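Data first, discussion second: the structure below is written as structure tokens.
Please read these numbers as outputs of a predicted model, since none were measured by experiment.
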Amino acid sequence: IVPALAATSSDIKSEINALTAERSDIEDKIASIDEQLTALGDQMEQTIEKKAILDQKNALAQQELDVIAEQIEIIDNYMANRLADLDAARVREAEQEEAWLGRLRAMEENSDLSYIQVLFDATNFSDLLTRIDAVSEITEYDEQLFDSYIEARQTVEELEAEAEEMALTNEANKAELEQRRVQLEADIASANALIAELESSVEGYNLLRQEQEKADAELAALIAEKQSEYQQALAKEAAAAAAAAGGSGGSGGSNANFN
């Protein structure tokens, strides 16, 4: 078996240089990781500040949503009352319509008896005055009956228009409420997701830095070991050179004496 040759100081020096270059590369990576961590820290701080602002906005928005919800409830209660009024108005309208139509049917059935004929049938002046008052009352009654019907019809139309408007307002409020709630939840979820992502990135970079620091420490130990080997090799080489120089000098002296 041929014994392995001991590494020379030059060989060890080359190994030390290679290890030093590798360690320098690791230190550059650590510095780059530190820069990334600093940037992530700044981004994390900004995101947390943004999240705090969103939380404040959420609190204010929730108050607004509560107001909108209360407004919806008020409108619902108001509409319930107005719908009851609308039902009553429709009943009154139907009654007034029936009364007016009944009067029209009666007038149509008695169309052969005109108001003028009623007046001409008076037997004397006193009877004429009485008939004039009666005709006036009938005419006034017809007008009141018709006016009552028209008023009932207008009341129904107004209540129906109001109910429709209030219903549209409520639907718009509900849609706005839902839209704001969804948007707010999305904003908060986005901020939370970004914070979680940043925390994960920071954790990843910290783990990577720990790995690089471990590798750097191992290289530092190995370089120190090689430095020791290098010094030992230098010492051995110096001793060998000295021994060779001493042997060469002694051999020359012996030859001179022999001659």
Side-chain angles (χ1 to χ4, degrees), residues 1-62 182-259:
I1 299 175
V2 179
L5 297 176
T8 64
S9 61
S10 177
D11 294 334
I12 297 174
K13 184 65 175 177
S14 297
E15 290 183 28
I16 291 174
N17 290 337
L19 291 173
T20 301
E22 185 177 352
R23 188 183 179 193
S24 176
D25 183 58
I26 290 176
E27 289 175 347
D28 289 341
K29 289 180 180 179
I30 291 175
S32 176
I33 291 172
D34 287 339
E35 291 178 0
Q36 293 292 334
L37 286 172
T38 300
L40 286 172
D42 293 340
Q43 190 175 358
M44 175 76 78
E45 184 177 350
Q46 293 174 1
T47 304
I48 291 175
E49 289 177 357
K50 179 181 178 181
K51 175 63 167 50
I53 294 173
L54 283 175
D55 287 339
Q56 294 177 2
K57 181 181 177 182
N58 182 28
L60 294 174
Q62 188 58 54
V182 170
Q183 184 60 49
L184 188 58
E185 290 176 353
D187 290 343
I188 293 175
S190 176
N192 287 332
L194 182 56
I195 290 174
E197 180 181 353
L198 290 173
E199 289 176 344
S200 177
S201 296
V202 169
E203 182 180 359
Y205 276 110
N206 280 329
L207 289 175
L208 182 59
R209 193 182 194 285
Q210 290 174 7
E211 292 175 358
Q212 295 297 327
E213 285 179 338
K214 180 181 179 182
D216 182 62
E218 291 174 352
L219 282 175
L222 184 57
I223 290 173
E225 181 181 339
K226 290 297 180 180
Q227 289 284 6
S228 177
E229 292 179 6
Y230 176 68
Q231 294 299 328
Q232 292 176 9
L234 285 177
K236 289 181 180 179
E237 290 172 358
S248 174
S251 175
S254 297
N255 289 337
N257 292 330
F258 179 77
N259 291 329

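- The heavy-atom pair separating Ala215 from Ile26 by the smallest distance is CB-CD1, 3.8 Å.
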Considering only distance and modelled atom types, tabulate donor-acceptor pairs under 3.5 Å from the side chains of residues 186-197, sequence neighbours left out.
unit_1 : atom_1 : unit_2 : atom_2 : d
Asp187 : OD1    : Gln183 : NE2    : 2.9
Asn192 : ND2    : Ile188 : O      : 3.3

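- Within the structure, side-chain hydrogen bond (donor to acceptor under 3.5 Å, both in side chains) contacts touching residues 17-26 (residues at least two apart or in different chains) are Arg23-Glu27, Arg23-Asp216.
- Checked against side chain to side chain contact (heavy atoms under 4.5 Å, CB included), Asn206 has the following partners two or more places apart in sequence or in another chain: Leu37, Val202.
- For Thr47, there are no side-chain hydrogen bond (donor to acceptor under 3.5 Å, both in side chains) partners two or more places apart in sequence or in a different chain.
- To the nearest 0.5 Å, atoms CD (Glu237) and OH (Tyr230) are separated by 8.5 Å.
- Atom CG in Leu60 sits 11.0 Å away from atom CG in Asp55 (nearest 0.5 Å).
- Among residues two or more places apart in sequence or in another chain, the salt bridge (charged side-chain N to carboxylate O under 4.0 Å, His left out) test is passed with Lys13 by none.
- More than 12 heavy atoms of other shown residues, nucleotides or ligands fall within 6.0 angstrom of atom NZ in Lys51.
- Between atom CD of residue Gln210 and atom CD1 of residue Ile30 there is a gap of 11.0 Å, rounded to the nearest 0.5 Å.
- Residue pairs meeting the side-chain hydrogen bond (donor to acceptor under 3.5 Å, both in side chains) criterion with at least one partner in residues 31-42, sequence neighbours excluded, are Asp34-Arg209.
- Ser228 is linked by a side chain to side chain contact (heavy atoms under 4.5 Å, CB included) to Gln232, counting only residues two or more places apart in sequence or in another chain.
- Separating the CD1 atom in Ile16 from the OG atom in Ser9 is a distance of 9.5 Å, to the nearest 0.5 Å.
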Chi angles and distances behind the side-chain contact (heavy atoms from CB on, under 4.5 Å) call for Leu40, Gln43: CA-CA 5 Å; Leu40 286 172; Gln43 190 175 358; 4.2 Å; yes

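- Scored by the side chain to side chain contact (heavy atoms under 4.5 Å, CB included) test, Gln46 finds no partners at all (sequence neighbours excluded).
- Residues that satisfy the side chain to side chain contact (heavy atoms under 4.5 Å, CB included) test with Glu229, not counting sequence neighbours, are Ile12, Glu225, Lys226.
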